[in-house]
Amino acid sequence: MSFELMRMLSLVVLSLGVAGGGAAQAPAPAFSPVQPADFALPGSLSNSWADFDRDGDLDLAVSLESGEIRLYRNDRGTFTSIGAPMGLPVSGAEMRGLAWGDFDGDGWPDLYAGATEEGAANLLFRNDRGRRFLPRAADPVAAGRSARQSSWVDFDNDDDLDLFAANRSGPNALFRQDGGRFVRVSAEQAGDDPRPTVGACWLDYDRDGDLDLFLANQAGATDALWRNDGDGFTDVAPALGMDRPGRPRTEGSVGCAVGDFDNDGELDIFVASYGVNILYRNKGDGSFENVAPRVDLAEDNRAVGAAWADFDNDGWLDLFVAAYTGKSGAQQPANRLYRNLRGKGFVNALPPGSALDVADHGVQWIDYDRDGALDLSVTRGYTDTGGHFLFHNDLGNAAARRSLAVRVLDKAGRFTRMGAEVRLVDAAGAILATRQVSTGEGYNSQGTQPLHFGLATMAPVTVEVTFMGKQGRKTQRILRVDPDRYAGKELVVRER
């Protein structure tokens with residue numbers, strides 16, 4: 001029997017839960033809206049989550065077309081808008097990228113906002129111990145760009161956070177942090193990309209211990225994969241067949257999301273596109289193959305943002321894609337929630353008219369109430385009926401509890417290890433799942449939420465955390481972790 005025939009038979013069996021009845025039937029996604037009236041604000045763009053006040057639950061920041069940055073404090077599942085009294089803007093230049101990162105290493109997540117208007121200043125706010133946000137005066141970080149993805153990463157492995165700034169209308173920029181100052185890395189060394197970039201994802205695809213950069217470029221431009229060579233970057237996308245040449249200006253890549261969809265321990269890349277979407281499967285030898293047609297993800301649409309998550313806690317990463325249809329000014333959401341059929345394929349789990357079909361920009365998965373099930377945060381910005389909507393995952397207590405949250409910290413106990421990899425391994429040594437500390441996903445967003453693992457069983461697991469460093473990749477192992485002990489809490493792994 002051929003591989004393709006075996007795959008098709010597997011899909012028929014596994015998709016019974018969505019297409020029809022039988023013993024394999026899976027429940028439809030069950031989500032409930034949270035404070036819908038409070039979150040129904042038009043012009044909502046980027047959404048990003050972090051526990052800014054360190055009270056144990058995640059808070060929400062949202063950028064609006066008006067220039068306002070909304071900040072909602074999460075008080076045990078109730079959200080209160082507090083941005084203005086905390087020092088965040090209520091109007092001004094539009095900010096289209098939000099990135100949380102502890103750039104000053106004081107243990108409190110700071111907030112960077114990228115401006116989209118020509119001549120407008122980007123904003124960097126220092127978190128004053130959860131009491132207020134202080135603008136960093138006259139900071140020139142990535143000024144004059146049409147901002148899209150902004151990412152805090154340690155690209156040079158010197159133990160402080162650097163900043164990457166994607167640009168929709170000019171060259172991207174990479175800034176190295178030196179003693180609290182941000183210094184632009186020379187164009188020759190950084191490989192500043194002049195193509196119109198929207199999405200950017202960092203990952204160590206070649207396993208050499210430093211983070212490489214995938215760029216989703218729009219308006220018919222080719223995509224890029226900039227390999228980090230330590231003393232500079234090299235675009236290897238053409239050599240790997242990942243550049244996608246020949247697209248018309250009406251098509252292009254918009255967002256990217258990193259995840260191990262087939263649980264083989266390798267990080268794969270989904271590319272949301274104007275045109276046909278792509279899923280690059282990491283072959284583990286420094287190369288990728290586009291398997292989107294084979295797993296039913298090669299949809300031709302106008303996809304904007306995407307984020308991986310195991311929303312049903314079955315041990316396999318599912319995928320939410322925010323997309324839209326219609327002409328400018330009359331766009332309508334056309335979202336997909338692709339349920340992962342055990343690595344064999346995907347099927348859209350959103351029925352027609354689903355309440356979840358409301359996004360056209362941002363998407364983030366978080367467990368805002370710490371019940372073990374991932375909740376859905378999305379934004380809609382193109383119409384007067386937009387908003388930044390939040391949906392509670394009604395998975396049920398037993399299924400929600402079948403999960404493990406892992407937070408990765410550096411040697412000083414700070415959240416600065418963006419791009420670190422975490423794997424769960426069973427008693428027989430088989431990889432159960434892989435996650436990466438986010439370097440950017442959704443729509444121009446980066447948060448500091450813990451890594452979430454859904455579990456098929458509650459059997460003890462080994463947790464392997466791989467850190468990047470000047471000496472290469474370093475892996476720490478925590479043996480015999482009992483997931484039941486961490487219900488409602490996080491397993492914290494601190495770099496040694």
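One is the number of the first residue; the rest follow in order along the sequence.
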Q) How are the rings of Phe261 and Phe346 set to each other: parallel, tilted or perpendicular (split at 30° and 60°)? A) tilted
Q.
With a 4.5 Å cut-off on side-chain heavy atoms, are Arg435 and Leu317 touching?
A. yes
Q | Between CD1 on residue Ile278 and CG on residue Asp268, distance to nearest 0.5 Å | A | 13.5 Å
Q) Which heavy atom of Leu350 sits nearest a heavy atom of Asn335, and at what distance? A) CD1-O, 3.9 Å
**Q.** Any side-chain heavy-atom pair of Tyr324 and Pro333 under 4.5 Å
**A.** no
Q | Ring-ring centroid check Phe52 Phe133, cutoff 6.0 Å | A | yes
**Q.** Backbone of Arg417 reached by a side-chain donor or acceptor of Asp410 within 3.5 Å
**A.** no
Q) Relative to Phe389, does Arg380 satisfy both conditions: NZ or CZ under 6.0 angstrom from the six-membered ring centre, and within 45 degrees of the ring's axis? A) no
Q. When the ring planes of Trp365 and Phe320 are compared, do they come out parallel, tilted or perpendicular, using 30° and 60° as the limits?
A. perpendicular
Q | Gap separating the CG atom of Asn397 from the CG atom of Asp371, nearest 0.5 angstrom | A | 7.5 Å
Q. Which pair of non-hydrogen atoms, one from Thr434 and one from Arg423, has the smallest distance, and what is that distance?
A. OG1-CG, 3.3 Å
Q: Report the C-alpha separation of Thr78 and Gln35 in whole Å, then their side-chain angles, then the decisive distance to 0.1 Å, and conclude whether the side-chain contact (heavy atoms from CB on, under 4.5 Å) test is met.
A: CA-CA 8 Å; Thr78 299; Gln35 296 180 222; 3.9 Å; yes
**Q.** Between CZ on residue Arg132 and CE on residue Met86, distance to nearest 0.5 Å
**A.** 10.0 Å
Could you list the donor-acceptor pairs under 3.5 angstrom formed between side-chain atoms of residues 398-407 and any protein atom two or more places apart in sequence or on another chain?
| unit_1 | atom_1 | unit_2 | atom_2 | d |
| --- | --- | --- | --- | --- |
| Arg401 | NE | Asp484 | OD1 | 2.9 |
| Arg401 | NH2 | Asp484 | OD1 | 3.2 |
| Arg402 | NE | Asn313 | O | 3.3 |
| Arg402 | NE | Leu455 | O | 2.4 |
| Arg402 | NH2 | Asn313 | O | 2.8 |
| Ser403 | OG | Gly372 | O | 3.0 |
| Ser403 | OG | Ala400 | O | 2.9 |
| Arg407 | NE | Glu490 | OE1 | 2.8 |
| Arg407 | NH1 | Thr448 | O | 3.0 |
| Arg407 | NH2 | Thr448 | O | 3.3 |
| Arg407 | NH2 | Glu490 | OE2 | 3.4 |

**Q.** Straight-line distance of Thr250 OG1 to Arg302 CZ, nearest 0.5 Å
**A.** 7.5 Å
Q. Is it the case that Thr197 and Arg195 place a side-chain donor and acceptor less than 3.5 Å from each other?
A. no
Q: For Asp300, check salt bridge (charged side-chain N to carboxylate O under 4.0 Å, His left out) against everything at least two apart and list the hits.
A: none
Q: Please answer whether the main-chain N or O of Arg168 pairs with a side-chain N or O of Gln218 as donor and acceptor at a distance below 3.5 Å.
A: no
Q) What's the shortest heavy-atom distance between Asn167 and Asn172, and which atoms? A) N-OD1, 2.7 Å
Q. Do side-chain atoms of Asn290 reach the backbone of Leu279 as a donor and acceptor pair under 3.5 angstrom?
A. yes
Q. Do Asn282 side-chain atoms and Leu267 backbone N/O form a donor-acceptor pair below 3.5 Å?
A. yes
Q: Would you sort out whether Leu432 and Asn263 count as a side-chain contact (heavy atoms from CB on, under 4.5 Å), showing the intermediate values?
A: CA-CA 6 Å; Leu432 296 173; Asn263 286 345; over 6 Å; no
Q | Closest approach of Arg336 to Ala334 (non-hydrogen atoms, all atoms of both residues) | A | NH1-O, 3.4 Å
Q: Side-chain contact test, heavy atoms from C-beta onward, threshold under 4.5 Å: evaluate it for Asp57 versus Asp59 and give yes or no.
A: yes
(Q) Do Leu297 and Asn277 have side chains that approach each other closer than 4.5 Å (heavy atoms only, starting at C-beta)? (A) no
(Q) Once rounded to the nearest 0.5 Å, what's the spacing between atom CD of Gln449 and atom CG of Asp367? (A) 10.5 Å
Q.
Quick check: closest heavy atoms across Ala61 and Trp100, and the distance to 0.1 Å?
A. CB-CZ2, 3.7 Å
Q. Aromatic ring centroids of Phe103 and Tyr112 under 6.0 Å?
A. no
Q. Do Val198 and Asn444 come close enough that some side-chain heavy atom pair is under 4.5 Å?
A. yes
Q | Sub-4.5 Å side-chain heavy-atom contact between Leu390 and Leu376 | A | no
Q.
Distance alone, cut at 3.5 Å: any donor-acceptor contact between the side chains of Arg247 and Ser273?
A. no
Q: Dump the intermediate steps for side-chain contact (heavy atoms from CB on, under 4.5 Å) on Val363 and Ser377, then the final yes or no.
A: CA-CA 6 Å; Val363 50; Ser377 169; over 6 Å; no
Q: Give a yes or no answer on whether the side chain of Ser46 reaches the backbone of Tyr443 with a donor-acceptor pair at less than 3.5 Å.
A: yes
Q. Are any side-chain N or O atoms of Trp152 and backbone N or O atoms of Met418, one a donor and one an acceptor, separated by less than 3.5 Å?
A. no
(Q) Consider ring pair (Phe, Tyr, Trp, His ring centres under 6.0 Å). Of Phe214, Phe155, Trp202, which one does Phe164 pass it with? (A) Trp202
Q: For residues Trp108 and Arg126, determine if any side-chain heavy atom of one lies less than 4.5 Å from a side-chain heavy atom of the other.
A: no
Q: Compare all side-chain heavy atoms of Leu409 with those of Val492 and state whether any distance is below 4.5 angstrom.
A: yes
Q: Test Arg339 against every option in Asp318, Asp312, Asp296 by the salt bridge (charged side-chain N to carboxylate O under 4.0 Å, His left out) rule and name the one that passes.
A: Asp312
Q. Side chain of Asn74, backbone of Leu58: donor and acceptor closer than 3.5 Å?
A. yes
Q: Can you see which heavy atom on Ser63 is nearest to which on Leu98, and at what distance?
A: N-CD1, 3.5 Å
Q.
What I want to check is whether the side chains of Glu94 and Thr116 have a donor and an acceptor closer together than 3.5 Å.
A. yes
Q. Do we see a donor-acceptor contact under 3.5 Å between the side chains of Thr379 and Asn47?
A. no
Q. Rounded to the nearest 0.5 Å, how far does OG1 of Thr80 lie from CG of Asp75?
A. 5.5 Å
Q. Can Met95 and Glu68 be said to form a side-chain contact (heavy atoms from CB on, under 4.5 Å), step by step?
A. CA-CA 8 Å; Met95 299 290 145; Glu68 180 180 4; over 6 Å; no
Q: Please confirm whether the backbone N or O of Ala115 pairs with a side-chain atom of Asn122, one donor and one acceptor, at under 3.5 Å?
A: yes
